[in-house]
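Heads up: the structure comes next, in structure tokens.
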Amino acid sequence: MQTIFLNGWAASRDAWRLCETAKGAPLFSYIEQLDGRPEAAIAAATDGVVLVGWSMGGSGALRLACRFPEKIRGLVLIAATPRMMEEPESGWRGMSPRRLKALEFGLKATHGEGFFGIPEGKPNPYLMDSDDNLARGLDYLRMTDLRAALERLHLAAPVFIFQSERDGIVRADNAAYLARVFPQAVVELIPGGEHALPIVIPEKIDAAVAAIRRGT
């Protein structure tokens, strides 16, 4: 059984440097996700997969669970959302277009360090990428809405959800929504507003992956 890691938008491999379970495991960048690389890996897996997804990679993990439910042996969802953008008409609390534009500007202007407030002593999980790649990722974030597919999904595999209480990029409401979709989920709200949870709670992520692997 393989464990597959799905990185966030504009994120570097350093995002997972502190996670022991990520060492030697397949780690797909956001561009590789847009190019369909994880689909090929999951299709080739003969004993199922554990998906670990952060931010845009969390959205990718949800999308892949909807597409390959029979292959999923567990999900670890970190600051994950089925729908990034806000919808005032429905009351969905996501990011405004203006906030998303600020996210792009902040990444380009500070390489993530100033904009995201990386904790002292932690690796920088963000990566300056080409404008074309960044734009492709932003289009995914703007357009993707997995709620209808998730509400049709019946997944019995174990699920762990990690979400910061005051994350300004992915709202804490997402954890409550995902807990309704996955009633078997173990949900942990992390104090503070840090979005880059793989560098903040690597030991919790490792423990979740280990628990899934022990039970399968």
Group every Ile, Leu, Val, Met, Phe, Trp and Tyr by side-chain heavy-atom contacts under 4.5 Å, then state whether W92 and L178 land in the same group.
yes
Is it possible for you to say whether I212 and F68 belong to one hydrophobic cluster, with membership spreading through side-chain heavy-atom contacts below 4.5 Å?
no
Regarding T21 and D206, is there a side-chain donor-to-acceptor distance under 3.5 Å anywhere?
yes
Could you walk me through whether I4 and V50 satisfy the side chain to side chain contact (heavy atoms under 4.5 Å, CB included) test, starting with their C-alpha distance in whole Å, then the side-chain angles of each, then the deciding distance to 0.1 Å, before giving a yes or no?
CA-CA 6 Å; I4 292 175; V50 178; over 6 Å; no
Measure from the side-chain N and O atoms of N7 to the backbone N and O of S12, and report whether any donor-acceptor pair falls under 3.5 Å.
yes
What's the verdict on salt bridge (charged side-chain N to carboxylate O under 4.0 Å, His left out) for R136 and D131, showing C-alpha distance, side-chain angles and the deciding distance?
CA-CA 9 Å; R136 288 182 66 197; D131 286 348; over 6 Å; no
From F182 atom CZ to L150 atom CG, the distance as rounded to the nearest 0.5 Å
5.5 Å
Spatial distance of atom CG (L100) from atom CG (L138) [nearest 0.5 Å]:
5.0 Å
For the atom pair NZ (K204) and SG (C19), what is the distance rounded to the nearest 0.5 Å?
12.5 Å
Can a salt bridge be assigned to the pair R171 and E165 using a cut-off of 4.0 Å between side-chain N and carboxylate O?
no
Might you point out which heavy atoms bring L197 and I205 nearest each other, and give the distance in Å?
O-CD1, 4.2 Å
Which atoms form the tightest heavy-atom contact between E86 and P97, and what is the distance?
OE2-CD, 4.4 Å
For the residue pair S59 / Y140, report whether a side-chain donor-acceptor contact shorter than 3.5 Å exists.
yes
Which heavy-atom pair separates P69 from L153 by the least distance, and what is that distance?
CB-CD1, 3.9 Å
same_hphob_cluster(I78, M95) at 4.5 Å side-chain heavy-atom cutoff:
yes
Donor-acceptor pair, distance only, cut-off 3.5 Å: does the side chain of D167 make one with the backbone of I169?
yes
With the 4.5 Å side-chain cut-off for hydrophobic clustering, are V76 and L62 part of the same group?
no
Within a strict 4.5 Å, meaning less than it, do heavy atoms of the R213 and M1 side chains meet?
yes
I need the minimum non-hydrogen distance between P202 and L18, along with the two atoms involved.
CB-O, 3.4 Å
CZ of R98 to CG of L103: how many Å apart, nearest 0.5 Å?
14.5 Å
To the nearest 0.5 Å, what is the distance between CZ on F28 and CZ on F5?
12.0 Å
Around atom CD of E120, are there more than 12 heavy atoms from other residues, nucleotides or ligands closer than 6.0 Å?
no
Using side-chain contact (heavy atoms from CB on, under 4.5 Å) as the criterion, list what pairs up with A149, not counting sequence neighbours.
C66, R152
Less than 4.5 Å apart, any side-chain heavy atom of V52 and any of W16?
yes
I need the full list of side-chain hydrogen bond (donor to acceptor under 3.5 Å, both in side chains) pairs touching residues 44-57, with sequence neighbours left out, sorted by first then second residue.
S55-H195
Nearest heavy-atom contact between Q184 and L155 is NE2-O, 2.7 Å
Checking the side chain of E32 only, and the main-chain atoms of S29 only, is there a donor and an acceptor separated by less than 3.5 Å?
yes
Nearest heavy-atom contact between I72 and A65 is CG1-CA, 3.9 Å
Give every residue pair that meets the ring-ring contact (aromatic ring centres under 6.0 Å, His included) criterion with at least one member in residues 71-91, sequence neighbours excluded.
none
With rounding to the nearest 0.5 angstrom, report the CG to CZ distance, D145 to R147.
4.0 Å
side-chain hydrogen bond (donor to acceptor under 3.5 Å, both in side chains) for R83 and T144? Distances and angles first, verdict last.
CA-CA 6 Å; R83 175 64 173 154; T144 299; over 6 Å; no
Apply side chain to side chain contact (heavy atoms under 4.5 Å, CB included) to residues V186 and F160 and explain how you reach the verdict.
CA-CA 5 Å; V186 176; F160 288 80; 3.8 Å; yes
Treating Ile, Leu, Val, Met, Phe, Trp and Tyr as nodes and any side-chain heavy-atom pair under 4.5 angstrom as an edge, say whether L189 and I161 lie in one connected cluster.
no
More than 12 heavy atoms of other residues, nucleotides or ligands under 6.0 Å from NZ of K71: is that the case?
yes
